[in-house]
Amino acid sequence: MLNTLTQLRRWLTSLYHPATLRERGLLWSSGLLSVTLLLALGLLGWYWSAEPESFDVRQVAQERMGEAGSMPMTGYTFTSTLMHLGEVLLDKRGGYLSNDIMPPGVWLDNIPNWEFGALVMLRDAAGGLRNHLSRSQSQSTEDADLAQAEPQFNFQNDSWILPATEGEYRNGIEALGRYATRLADASQQNAQFYARADNLTQYLQIVEKRLGSMSQRLSASVGQVRVNTDLAGDTAARQATPGVGALVVRTPWRELDDVFYEARGAAWALLHILNAVEVDFEDVLKRKNAVISLRQIIRELEATQQSTVSPVILNGGGFGLFANYSLSMANYIARANAAVIDLRDLLQRG
């Protein structure tokens with residue numbers, strides 16, 4: 001084995017030696033260097049395409065507190081998790097890729113779609129924190145740092161420069177950090193997090209709609225005839241423009257992997273957010289006997305993170321011979337969505 005590696009090293013050294021390049025001529029040398037560059041970029045793109053690992057939200061919050069013996073304040077774990085999600089998006093392998101204009105980042109699409117899915121969940125959670133979780137009632141004043149953080153995360157996700165997306169998201173993370181610092185300081189009363197059933201219910205309403213839309217988009221991988229139910233349940237309901245009674249919905253084959261990885265990124269971010277919810281809303285969930293319901297949602301989302309065996313997203317139809325990754329993902333997402341509906345129902349009960 002050692003001799004083989006030594007011989008390979010010598011061969012490569014000889015191949016790229018300036019004397020060899022001069023001897024073979026400009027055309028041959030240019031071809032060799034071009035192939036080498038493409039191979040290097042391909043390997044780098046493969047390395048950058050690895051999805052981030054899951055993390056322990058309690059441990060991240062504890063480390064951010066910086067005091068091994070102290071317990072984070074109510075809401076600190078949720079806020080810390082949002083900050084860490086933003087940091088992972090920006091600091092993972094290859095950094096933030098959605099706005100890359102140079103190879104290999106510009107050639108990649110799976111991870112940029114994964115980033116967008118995770119970003120949408122981060123935006124929803126930041127909006128929920130600003131509008132619901134940090135406010136005691138509808139007439140209460142919003143937190144200034146949270147009012148800055150939410151629009152920063154809603155900045156366009158593919159801006160390369162003037163300003164760069166990364167800089168805007170960093171500003172959002174810093175604004176969350178200022179809020180978290182005030183939240184952790186018991187002597188300050190101007191930062192609050194209200195772990196109440198009604199506040200959590202309002203956030204879960206947003207999650208429910210996201211998961212429902214995601215499940216529908218994934219299911220469209222094989223084409224579906226859908227009955228229009230937009231006005232169902234209300235005889236007096238009206239809509240702006242007339243709708244058809246039924247329509248065929250099918251995702252173009254070139255977009256199958258885009259939808260799949262967007263859903264995968266969204267599920268990854270949401271399962272961490274809900275893990276943080278379990279920490280900060282522990283007393284509320286126990287009082288409503290809803291801890292198991294929340295954990296069931298998390299288990300379904302964890303199942304979406306299983307490794308894919310095929311290097312491409314398979315799209316077998318119905319009960320056909322080949323697997324359909326999108327339908328498998330849609331199943332887990334739909335089950336999580338149903339569990340969110342059950343959890344909201346538990347929280348709304350007296």
Side-chain angles (χ1 to χ4, degrees), residues 85 113-129 131-133 154 197-234 237 239-241 243-252 255-275 277 290 292-306 313 315 324-349:
L85 290 176
N113 281 292
W114 184 96
E115 290 174 345
F116 183 72
L119 177 62
V120 168
M121 287 302 176
L122 174 56
R123 288 171 172 174
D124 288 345
L129 180 58
N131 296 314
H132 306 302
L133 304 180
N154 280 280
D198 57 340
N199 287 355
L200 180 55
T201 298
Q202 289 172 317
Y203 169 63
L204 291 177
Q205 286 179 325
I206 303 172
V207 172
E208 178 185 326
K209 292 180 179 179
R210 289 292 185 196
L211 294 179
S213 174
M214 198 180 303
S215 175
Q216 292 281 7
R217 293 174 62 202
L218 288 165
S219 299
S221 63
V222 294
Q224 289 183 327
V225 178
R226 293 182 182 167
V227 177
N228 190 331
T229 59
D230 294 343
L231 303 180
D234 187 349
Q239 64 185 63
T241 56
V244 297
L247 65 160
V248 178
V249 180
R250 185 182 182 92
T251 304
E255 299 177 11
L256 292 173
D257 60 335
D258 297 344
V259 176
F260 178 85
Y261 278 99
E262 182 183 335
R264 195 169 168 93
W268 178 86
L270 181 59
L271 73 88
H272 289 97
I273 293 171
L274 294 183
N275 274 321
V277 166
I292 299 302
S293 297
L294 177 63
R295 289 178 180 173
Q296 180 60 36
I297 301 170
I298 295 172
R299 296 297 177 269
E300 298 294 348
L301 295 174
E302 287 175 341
T304 67
Q305 304 302 302
Q306 299 176 63
I313 302 305
N315 190 45
N324 186 303
Y325 283 7
S326 296
L327 290 184
S328 298
M329 179 72 77
N331 174 64
Y332 292 122
I333 296 293
R335 286 168 58 89
N337 189 29
V340 169
I341 296 173
D342 291 341
L343 176 58
R344 279 208 310 114
D345 182 57
L346 282 174
L347 292 173
Q348 289 173 334
R349 295 176 187 173

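The figures that follow rest on heavy atoms only: side chains count, while hydrogens, waters and symmetry mates do not.
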Gap between atom [atom2] of [Y] and atom [atom1] of [X] - 0.5 Å precision:
X	Y	atom1	atom2	result
Arg217	Glu255	CZ	CD	8.5 Å
Gln216	Leu211	CD	CG	12.0 Å
Tyr332	Leu301	OH	CG	12.0 Å
Arg123	Phe116	CZ	CZ	5.5 Å
Leu204	Asn199	CG	CG	11.0 Å
Leu133	Leu200	CG	CG	7.5 Å

Checklist entry - Would Ile313 and Tyr261 count as a side chain to side chain contact (heavy atoms under 4.5 Å, CB included) if you check the C-alpha gap in whole Å, the side-chain angles of each, and the deciding distance to 0.1 Å? => result CA-CA 9 Å; Ile313 302 305; Tyr261 278 99; 3.8 Å; yes

Is there a donor-acceptor contact under 3.5 Å from the side chain of [X] to the main chain of [Y]?
X	Y	value
Ser328	Asn324	yes
Gln306	Ala303	yes
Ser215	Gly212	no
Gln305	Arg264	yes
Asn275	Leu271	yes

Next on the checklist: Going by salt bridge (Lys or Arg N to Asp or Glu O under 4.0 Å), name the residues that satisfy it together with Arg210, two or more places apart in sequence or in a different chain.
Outcome noted: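 For Arg210 the salt bridge (Lys or Arg N to Asp or Glu O under 4.0 Å) partners, ignoring immediate neighbours, are Asp124.
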
Item to check | Residues that Arg295 engages under side chain to side chain donor-acceptor pair (under 3.5 Å), provided they are two or more places apart | outcome: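 Expected list: Glu278.
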
Checklist entry - Does Asp257 have any side chain to side chain donor-acceptor pair (under 3.5 Å) partners at least two apart in sequence or in another chain, and if so, which? => result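 Applying side chain to side chain donor-acceptor pair (under 3.5 Å) to Asp257 gives none.
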
Next on the checklist: My understanding is that only one of Val120, Leu270, Ile333 makes a side chain to side chain contact (heavy atoms under 4.5 Å, CB included) with Met214; could you say which?
Outcome noted: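 The side chain to side chain contact (heavy atoms under 4.5 Å, CB included) with Met214 is passed solely by Ile333 among Val120, Leu270, Ile333.
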
Next on the checklist: Quick check on side chain to side chain contact (heavy atoms under 4.5 Å, CB included): which of Ile297, Leu294, Asp345 does Val340 satisfy it with?
Outcome noted: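 Going through the options one by one, the only one that passes is Ile297.
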
Where is the tightest heavy-atom contact between [X] and [Y], given as atom of each residue plus distance?
X	Y	value
Leu327	Leu218	CD2-O, 4.4 Å
Glu208	Ile341	CD-CG1, 3.6 Å
Leu346	Ser293	CD1-OG, 3.3 Å

Checklist entry - Is there a side chain to side chain contact (heavy atoms under 4.5 Å, CB included) between Thr304 and Trp268 once you walk through the steps? => result CA-CA 8 Å; Thr304 67; Trp268 178 86; over 6 Å; no

